[in-house]
J.: 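Structure provided below as structure tokens; questions to follow.
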There are 2 protein chains.
Amino acid sequence: MAKVNHWRRITIREVAHEAGVSVQTVSRVLNGHPDVAEKTRARVQSVVTRLRYRPSGIARSLAAQSTQMLGVVASGFQLFGPAQLLAGIERQATELGWHLMLQIVDPAAPADYDRVASNLISQNVAGVIWAYPELTGERERAFHQQIEPHLPVIFLSMQAQPGSAVISVDNRHGAWLAVQHLVGCGYRRIGIITGPMALWSAQQRRLGWQDALAAAHLPRHSRQVVEGDWSAESGHAGLLRLIAQFPSLDAVFASNDQMALGALKAAERVGRRVPDTLAVVGFDDIPESAFFRPALTTVHHDLMDLGRLAVRELHRVIHARREGRTTTATSLMLQPRLVVRESA
Amino acid sequence: MAKVNHWRRITIREVAHEAGVSVQTVSRVLNGHPDVAEKTRARVQSVVTRLRYRPSGIARSLAAQSTQMLGVVASGFQLFGPAQLLAGIERQATELGWHLMLQIVDPAAPADYDRVASNLISQNVAGVIWAYPELTGERERAFHQQIEPHLPVIFLSMQAQPGSAVISVDNRHGAWLAVQHLVGCGYRRIGIITGPMALWSAQQRRLGWQDALAAAHLPRHSRQVVEGDWSAESGHAGLLRLIAQFPSLDAVFASNDQMALGALKAAERVGRRVPDTLAVVGFDDIPESAFFRPALTTVHHDLMDLGRLAVRELHRVIHARREGRTTTATSLMLQPRLVVRESA
DNA sequence: TGGTACACTGTGAGCGTTACCGGGATTTTA
DNA sequence: TAAAATCCCGGTAACGCTCACAGTGTACCA
């Protein structure tokens, strides 16, 4: 009895032998290449299924000098936005036959850009989706120098870079929509709880808030601004701080829905009724926000779509390069829309 | 000027040549093998960094007949539980030097177990973490036959299988804690909004509810049960249905926090005050649940830890096998705890 | 009837790395 | 002082596959 514990892989050679053809012919059948007789093809196919043969992706990649793997650099999947993004990326990738190599960068310890680049190169990924929202200074340089010259890269939700493809949501416009709505409802003293200001998306949402105030000729003061970290906790603390330093506040734009939830809770605590004595709007339109009390008015954007688009674009560029054509990846900006519910 | 567009990889051969040693010696240095003079080692190292040489993981895997890749089969990362799990898996994996090959199975179209198995085999993963919560009937057989005999597998949050390692949270006990607390508070007509009953975790939580009712000698009727799908939406609809079919309801156990949120909203709609005329408890303790109105009493469990444990265990088993030892992976069940807040 | 085109198949050389074995130089042991 | 052990290092053969090229046989045309 052979030992079962370690399992010998079935190789293309055995399939070839069993089917009475050469290895090359089997390879041709496997990859759908032309120039193989229908009868032979059928015979090989039947042997393949009978032997449950699975070609080694590794050997294939080595020989062909190209992989079926896409690198994805992201900050995690615990926040709603990134999770949606990754879900879209994942689906489109598997639909198109790509595997994913996920590289999570810890925002707290961002010293391992080098490790990320190393991994991507050593696994020989065919392209990279940079879904990590921050890319500045030395890190940027390191990455750009190591990766971008050699590989197609699509950036997600980032500041537009000259010469790079960036696909993102128009955060600024979305925030503008939200605050514009508050203005339209008659609110005049509108505060903001921002996201981490190191992030581009947080900066953009703040700018949208600014734009809307300016358009309505409303005064703006730093006491109206408070920084959060996307968590409900920070939204709660944020609103308390905001009210303390700017008591005449009559509305607040929370830069995401979780913070809006925290703000709602804080409003209750200080005896403000929403939307009567304080209006709240959020951003993201997470599925739960319709069930907040009151139901949250917020900004909807389709991050899953964004992820899908990124993969499709990368796919296009990779294939173009493989066929020798030179295409530049195109940038794109998706428009969000306002969802009016009860909180404003 | 050479064409920059396509980039030639630096190989071990070039490093060897540059350092004036053989390829084999470079390989030894790279892998930290013994039998290389300190002086030589240093020289090789310096050439490696100077040339920015990155060994090809692919070639390495082919030659060594083993990869640094773990397969993870999951249902996605948009729900809180799975996302936490995957976050834990990801962190522990990178800390231990493993790469991940994520295989998302769409619960709606589960016909592609075969594709998943194929991918795992063809990429030659060293082990598998099965974090997909359902594994029944024919699919189970297919997977077990194709993967388990050859590869170490750890199952997560599943029914204990004879002979397989399962790491999970004691959902039944957690639900028992929650409902027990309701009973202790004097509630007597306790309903449940379950998760999708195809899932083991949902079944377990329902059993815990049953246990607690039985222990308190409370009657139990099918009108007290309603099935949800983990979404806030379904929690909302669920509570409305529950009240319609069982009007004397005075408390409800929602099998996760999102559904609890929906239930809270529905309670408001039908004029029930929580917790006075209706108590609500949830499960999961998502970060937002402390900011629900009222703050949610719920069951806390550490899924991230669970993921980390799974990776560590798999790591252990893989290394044992490589060294020829035979270890069986051990099963484990983590205990959740009750977090009492305002809603009950 | 010869030549040419075409359809099909096989051969050999890699892809970049590690495992196995063997050999020379140096040290240790009896 | 001879023999054995040890330390370094290199050559060669895989690993499983694809690519470029070189065939072989058959059909077609003039």
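First the proteins, then the strands, lettered A, B, ... as listed; each starts at 1.
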J.: Looking only at side chains, do B:S118 and A:R54 share a donor and an acceptor under 3.5 Å apart?
T.: yes

J.: Roughly, in whole Å, what's the span from CZ in A:R13 to C1' in C:dG12?
T.: 13 Å

J.: NA contact type, A:P34, heavy-atom cut-off 4.0 Å: base, sugar-phosphate, or nothing?
T.: nothing

J.: Answer yes or no: side-chain N or O of B:R54 and base N or O of C:dG16 forming a donor-acceptor pair under 3.5 Å.
T.: no

J.: May I ask you to verify if any side-chain N or O of A:Q65 is less than 4.0 angstrom from the OP1 or OP2 atom of C:dG14?
T.: no

J.: Expressed as a whole number of angstroms, how long is the span from A:I58:CD1 to C:dG16:C1'?
T.: 13 Å

J.: Remember a base hit wins even if backbone is also touched, and classify A:V23 as base, sugar-phosphate or nothing at under 4.0 Å, heavy atoms.
T.: base

J.: Using a cut-off of less than 4.0 Å, is there contact between a side-chain N or O of B:S22 and OP1 or OP2 of D:dG10?
T.: yes

J.: With the side chain of A:V36 defined as its heavy atoms from C-beta on, choose the nearest nucleotide among D:dC9, C:dT9, C:dT17.
T.: C:dT9

J.: B:I12 CD1 to D:dG11 P: how many Å, rounded?
T.: 14 Å

J.: What nucleotide, of C:dT17, C:dC8, C:dT18, holds the atom closest to the side chain of A:D35?
T.: C:dC8

J.: Need to verify one output field. Residue with the more 5' nearest nucleotide on DNA chain D, A:S56 or B:R43?
T.: B:R43

J.: How many Å lie between CD on A:Q123 and P on C:dG16, as a whole number?
T.: 15 Å

J.: Would you say A:S27 places a side-chain N or O within less than 4.0 Å of OP1 or OP2 belonging to D:dT18?
T.: yes

J.: For A:H33 and C:dA7, what is the distance between atoms NE2 and C1' respectively, to the nearest whole Å?
T.: 17 Å

J.: Tell me what A:T40 touches on the nucleic acid: a base, only sugar-phosphate, or nothing, going by heavy atoms under 4.0 Å.
T.: sugar-phosphate

J.: Could you check how far NE2 of A:H17 sits from C1' of D:dG16, rounded to whole Å?
T.: 17 Å

J.: Looking at C:dG10, I'd like to know if its phosphate oxygens (OP1 or OP2) sit under 4.0 Å from a side-chain N or O belonging to A:T25.
T.: yes

J.: Do side-chain atoms of A:E14 reach the backbone of A:T11 as a donor and acceptor pair under 3.5 angstrom?
T.: yes

J.: Would you say that more than 12 heavy atoms from the other residues, nucleotides or ligands in this model lie under 6.0 Å from the NE2 of B:H319, or not?
T.: yes

J.: Where the side chain of A:R28 is defined as all heavy atoms beyond and including C-beta, which of C:dT9, D:dG16, C:dT17 is the nearest nucleotide?
T.: C:dT9

J.: Rounded to whole angstrom units, what separation is found between the NZ atom of A:K39 and the C1' atom of C:dT9?
T.: 14 Å

J.: Name the closest nucleotide to the A:A63 side chain, picking from D:dC9, C:dC8, D:dG16.
T.: D:dG16

J.: Between B:A64 and B:E38, which is nearer to the 5' end of DNA chain D once each is assigned its nearest nucleotide?
T.: B:E38

J.: Just verifying a value: how many Å separate A:D35 CG and A:Q24 CD, rounded to the nearest 0.5 Å?
T.: 10.5 Å

J.: Could you check whether the rings of B:F155 and B:W130 sit parallel, tilted or perpendicular, using 30° and 60° as the cut-offs?
T.: tilted

J.: Looking just at side-chain N and O atoms, do A:Q123 and A:T67 make a donor-acceptor pair shorter than 3.5 Å?
T.: no

J.: Pick base, sugar-phosphate or nothing for A:Q24, based on heavy-atom distances below 4.0 Å to the nucleic acid.
T.: base

J.: Output the rounded distance in Å from CZ (B:R60) to C1' (C:dG16).
T.: 11 Å

